[in-house]
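Shown next, in structure tokens, is the structure this report addresses.
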Amino acid sequence: MKTFHTIAELRTALKSERLQDKRIAFVPTMGNLHEGHMDLVRRARQEGDVVVASIFVNPMQFSANEDLERYPRTLTEDQALLESNTCDYLFAPSALEMYPDGKRSQTQIEVTGLSDILCGATRPGHFVGVATVVTKLFNIVMPDCAIFGNKDFQQLKVIEDMARDLSSNVEVIGVNIARADSGLAMSSRNGYLSAEELSIAPTIYQTLLWAKQSILEGHVSYANICEQALQKLEAVGFERDYFEIRAQHDLLTPSEKEKQLVILVAAYLGKARLIDNITVELP
Ligand code: PAF
């Protein structure tokens, strides 16, 4: 696997692949890679002739009070993991390479509406940072397809809408959530959890399963289910952010007729803000 730190070097390498008509599959990440990311790389291997991953802890998607500085940076370990999963190219730029003008006002990409709800309400500006950096990465890599995890359900929706609205040529593909045996969704932020918190954290998935079962059993007060779910989480030590039942296609409050639902949760445990989700298909 070749690692490039500059846009120019990566473009040169990918140009020659493209001239040979190779299909390029891209996996954007912020590093500190785990098995969930490797699922994305394995899917990319199935989708493309050439697999490109990126590692960039994007300052634009963190607000001032968030974990940008302490976000784990593990480039050497990540390179070994990518190499053993047959990734061809790694793009690992500096912040200066990606944002040469720093914080000077710059072009931003915003999927309006969708960016302000759920995680966007708690993390203002986050999805503008995500959509902007993903657009830049798409322009740099020019992939045929790009692979993202379903754990960030709202992020995936923002990227799908952004790609569609900007007439992007990139096919956006979502991959199922990778879970530990305990049910806990894999996440780089799980590394912030103490041993005790790690034993509590799977409650988040158990609560999603409970809520899904309640919906399937015909409980129609979604507000009630969500409030009970938050109380279950608080009872074991989580602090609430949100627990919501939404329509899969636009993430808005579902109408009574809506059959394709998604339950989304964000909650704090110690220093970590954990997110997870589960889809529900009503008959
Ligand atoms: O999901 C992530 O790791 C990041 O939000 C992404 C998509 C790589 C953009 O920085």
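Both counts, for ligands and for their atoms, begin at 1 and track the order of listing.
Listed by number with element, the atoms of ligand 1 under 4.0 Å from a non-hydrogen atom of V133 are 9 (C), 10 (O). Short contacts between ligand 1 and M30, defined as distances under 4.0 Å to a heavy atom of the residue, involve ligand atoms 3 (O), 4 (C), 10 (O). Heavy-atom contacts of T29 reach the following atoms of ligand 1: 8 (C) (cutoff under 4.0 Å).
Pairs of residues two or more places apart, or lying in two chains, that qualify as salt bridge (charged side-chain N to carboxylate O under 4.0 Å, His left out) and include a residue from residues 225-243 are E227-R240, E234-R240, D241-R273. Among residue pairs with one or both ends in residues 107-129, those qualifying as salt bridge (charged side-chain N to carboxylate O under 4.0 Å, His left out) are E66-R123; sequence neighbours excluded.
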Would you sort out whether Y99 and N58 count as a side-chain hydrogen bond (donor to acceptor under 3.5 Å, both in side chains), showing the intermediate values? CA-CA 10 Å; Y99 300 110; N58 172 33; 2.6 Å; yes

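A salt bridge links K157 with D161: at least one charged nitrogen is closer than 4.0 Å to a carboxylate oxygen. A salt bridge does not link R18 to D49: none of the charged side-chain nitrogens sits closer than 4.0 Å to a carboxylate oxygen.
Nearest protein heavy-atom neighbour of atom 1 (O) of ligand 1: Q155 NE2, 2.8 Å. The protein non-hydrogen atom at the shortest distance from atom 10 (O) of ligand 1 is Q61 OE1, 2.6 Å.
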